[in-house]
Novice: 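Here it is, the structure, as structure tokens.
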Amino acid sequence: MSASTATAVLHPPEDAAEQQRSSAARETAIPSIPDRGRRLSDKLGKLCQSLTLDLKQTVHARRRRNLPVYDFGLGETKGFLSPIIKDGAFQAVSREDTFYTHPAGLPEARRAVLKWLSLTGVYSEENVVISGGAKQCLLNTFMALCDQGDVVLLASCPWVSYAPLAHCVGALPQVVRPEQPTLSLKTTAVDLERAIRANPRSRLFLLNNPCNPTGQLYSAAEQSALLEVCVRNKIFFVLDRLYWRIVYNGAFPEPVLNDRTLPWLIQIDGLSKNFRRTGGLRAGWSVAPADISAAMTNLQSHHSSGASTLTQKVVTAALNADYDDEMVRDLDSKRKAVEKLAGKIPLIRALPTQGAFYSFWDVRSAVGKKTPDGKVLASGDDVARYLLDSHGIVTAPGSGFMEAGFLRLSFHIPMHEIRGGLEAAARAFAALV
Ligand code: PLP
């Protein structure tokens with residue numbers, strides 16, 4: 001039963017004109033009565049589980065059935081936890097540091113974030129909000145900035161959860177695709193300017209640099225040009241820099257900080273990618289103008305009371321220590337191995353990885369080909385399914401990143417699994433006709 005029928009049944013109108021008048025009055029004055037049988041909100045009713053977390057379940061299911069698995073699926077950092085992180089956790093427990101904290105986080109944790117990002121002196125504690133992962137920072141950001149119907153502009157190949165999180169706050173995600181497609185699939189300042197003009201309700205532009213899934217790094221000039229467009233148009237530039245330590249040649253391009261840019265810049269980062277085995281610790285942080293951080297803090301004071309105290313102690317320990325780039329060096333050798341092996345695989349073109357730990361493959365030349373058992377691969381998703389079913393190669397299909405015809409492979413896995421998986425992939429693609 002719709003809201004208006006429900007009310008009409010309660011108050012039968014005398015004639016059609018009266019019906020119209022009373023229905024108009026109802027629309028404005030009386031809050032609509034929800035369908036009694038309705039279970040979920042429009043915002044969450046269409047939400048599916050995160051594609052990449054789903055892949056983890058696929059891997060577990062295959063392992064349980066003793067089926068072969070080459071797990072290039074979930075982008076999770078592996079290996080051993082650093083002794084500094086372990087010690088931070090042990091000490092917090094042994095000192096019983098388990099009280100509620102300030103909803104924005106412990107002051108020492110917020111100071112550690114500023115130190116880690118070399119932002120001490122530019123920002124103060126009131127600009128930092130510690131959350132339960134970068135995901136929560138993103139939701140805080142969207143909640144703080146967007147009203148129903150506002151537009152969230154996403155750089156091309158957006159990470160899987162950006163659009164669902166925008167939908168959760170009633171905003172409309174729009175991918176800013178490059179007008180001139182290039183090998184790197186990057187969004188340019190010209191593309192962004194055009195998108196803002198086409199979407200007057202744009203509130204923010206979200207860039208992930210280095211980019212998951214493409215492994216591309218926007219240069220200082222490219223990033224500055226995008227930031228400049230945002231500042232000029234008075235929209236927020238949200239920089240998700242979650243993989244910023246994992247850059248292979250050169251360094252992460254820090255955003256330009258000055259009186260013009262600071263009011264429009266929000267940076268999001270976390271523990272999950274730059275350290276080993278830290279995804280499940282659920283720690284992220286945002287650095288934003290004070291009014292935006294205050295709004296996020298108010299929100300956190302209601303929805304979570306902030307991040308877990310133990311995690312915040314771990315964050316403080318990890319970020320105050322000197323960064324050990326052992327993992328980055330290990331990933332660099334894996335990146336080189338992936339590039340060499342991928343170069344021998346027919347029908348694919350791998351983008352050269354510049355940052356993060358993903359190899360992004362254009363598999364459009366395999367679409368339309370037939371598998372050995374006679375099935376035609378109709379899409380990039382079909383290619384991913386074929387690799388999984390035929391050889392146990394788990395990949396994340398590009399459709400999850402709004403770029404059908406591509407596959408993302410996470411190479412944060414042991415070298416022997418990389419070699420075995422990519423040799424199997426070479427056989428799988430060679431078998432297509
Ligand atoms: N942003 C990007 C680009 C990511 O790849 C991820 C996780 O994969 C997140 C945000 C969320 O990170 P977290 O696990 O810290 O919530």
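Numbering of residues begins at 1 and proceeds along the displayed sequence. Counting convention: from 1, in listed order, for ligands and their atoms alike.
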Novice: Determine the sole option in Leu422, Leu407, Val59 for which the side-chain contact (heavy atoms from CB on, under 4.5 Å) test with Phe72 is passed.
Specialist: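 Filter result, single survivor: Leu422.
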
Novice: Any chance the side chains of Asn233 and Arg197 put a donor and an acceptor closer than 3.5 Å?
Specialist: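 Per modelled atom types, Asn233 and Arg197 side chains form no pair under 3.5 Å.
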
Novice: For the rings on Tyr243 and Phe252, is their centre-to-centre separation under 6.0 Å?
Specialist: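 No, they do not, as the ring centres are separated by 6.0 Å or more.
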
Novice: Which of the atoms of ligand 1 are close to Asn208, meaning less than 4.0 Å from one of its heavy atoms?
Specialist: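 Listed by number with element, the hits are 3 (C).
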
Novice: Quick one: does Gly270 get a heavy atom under 4.0 Å from ligand 1?
Specialist: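 No, Gly270 has no heavy atom closer than 4.0 Å to ligand 1.
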
Novice: Using heavy-atom distances only, which candidate in Ser410, Cys211, Ala134, Gly132 approaches atom 15 (O) of ligand 1 most closely?
Specialist: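 Going through Ser410, Cys211, Ala134, Gly132 one by one, Ala134 has the nearest heavy atom to atom 15 (O) of ligand 1.
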
Novice: Using a strict 4.0 Å cut-off to heavy atoms of Leu242, name the atoms of ligand 1 that fall inside it.
Specialist: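 Listed by number with element, the hits are 1 (N), 2 (C), 4 (C), 6 (C), 9 (C), 10 (C), 11 (C), 12 (O).
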
Novice: What part of Ser272, side chain from CB on, backbone N/CA/C/O, both or neither, has a heavy atom under 4.0 Å from ligand 1?
Specialist: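 The part of Ser272 near ligand 1 is the side chain, not the backbone.
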
Novice: If you count the atoms of ligand 1 from 1 in the order shown, which ones are under 4.0 Å from a heavy atom of Tyr243?
Specialist: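 Close to Tyr243: 3 (C), 4 (C), 5 (O), 8 (O).
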
Novice: Go through Arg232 and Val229 one step at a time and tell me if the side chain to side chain contact (heavy atoms under 4.5 Å, CB included) criterion holds.
Specialist: CA-CA 5 Å; Arg232 208 173 335 108; Val229 171; 4.1 Å; yes

Novice: Does the residue Lys273 have a heavy-atom contact with ligand 1, meaning some pair of atoms that are separated by less than 4.0 Å?
Specialist: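 Within the 4.0 Å threshold, so yes.
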
Novice: Give the numbers and elements of all ligand 1 atoms closer than 4.0 Å to a heavy atom of Gly133.
Specialist: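 Taking each heavy atom of Gly133 in turn, ligand 1 has 15 (O), 16 (O) under 4.0 Å.
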
Novice: Under 6.0 Å from the NZ atom of Lys78, do we count more than 12 heavy atoms belonging to anything else shown?
Specialist: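 Enclosed.
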
Novice: Between Ser410 and Gly73, is there a donor-acceptor pair closer than 3.5 Å when you use the side chain of the first and the backbone of the second?
Specialist: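 Flag not set: sc Ser410 to bb Gly73 has no pair under 3.5 Å.
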
Novice: How does Trp285 reach ligand 1, if at all, at less than 4.0 Å between non-hydrogen atoms: by side chain, backbone, both, or neither?
Specialist: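 None of Trp285 does.
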
Novice: Examine Arg282 against ligand 1 and note whether any of their N/O atoms are separated by less than 3.5 Å.
Specialist: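 Such a contact does occur with ligand 1.
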
Novice: Answer yes or no: is there a donor N or O on one side and an acceptor on the other, between the side chain of Ser399 and the main chain of Met402, under 3.5 Å?
Specialist: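 Here the side-chain-to-backbone pair does not exist.
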
Novice: Show, in sequence, the C-alpha distance, side-chain angles and deciding distance for His102 and Arg110, and conclude whether the side chain to side chain contact (heavy atoms under 4.5 Å, CB included) test is met.
Specialist: CA-CA 11 Å; His102 186 287; Arg110 288 185 274 157; 3.8 Å; yes

Novice: Using a strict 4.0 Å cut-off to heavy atoms of Asn212, name the atoms of ligand 1 that fall inside it.
Specialist: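 The atoms of ligand 1 under 4.0 Å from a heavy atom of Asn212 are 4 (C), 5 (O).
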
Novice: Verify, without hydrogens or angle tests, whether Asp240 (side chain) and Leu242 (backbone) share a donor-acceptor contact under 3.5 angstrom.
Specialist: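 Judged by distance alone, yes, a pair lies under 3.5 Å.
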
Novice: Do any nitrogen or oxygen atoms of Gly279 come within less than 3.5 Å of a nitrogen or oxygen of ligand 1?
Specialist: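 N/O-N/O distance below 3.5 Å does not exist for this pair.
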
Novice: Which of the numbered atoms in ligand 1 are below 4.0 angstrom from a heavy atom of Tyr162?
Specialist: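 Taking each heavy atom of Tyr162 in turn, ligand 1 has 3 (C) under 4.0 Å.
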
Novice: Minimum distance, heavy atoms only, to atom 2 (C) of ligand 1: which one of Asp240, Leu281, Ile268, Val160 is it?
Specialist: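 The residue whose heavy atom sits nearest atom 2 (C) of ligand 1 is Asp240.
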
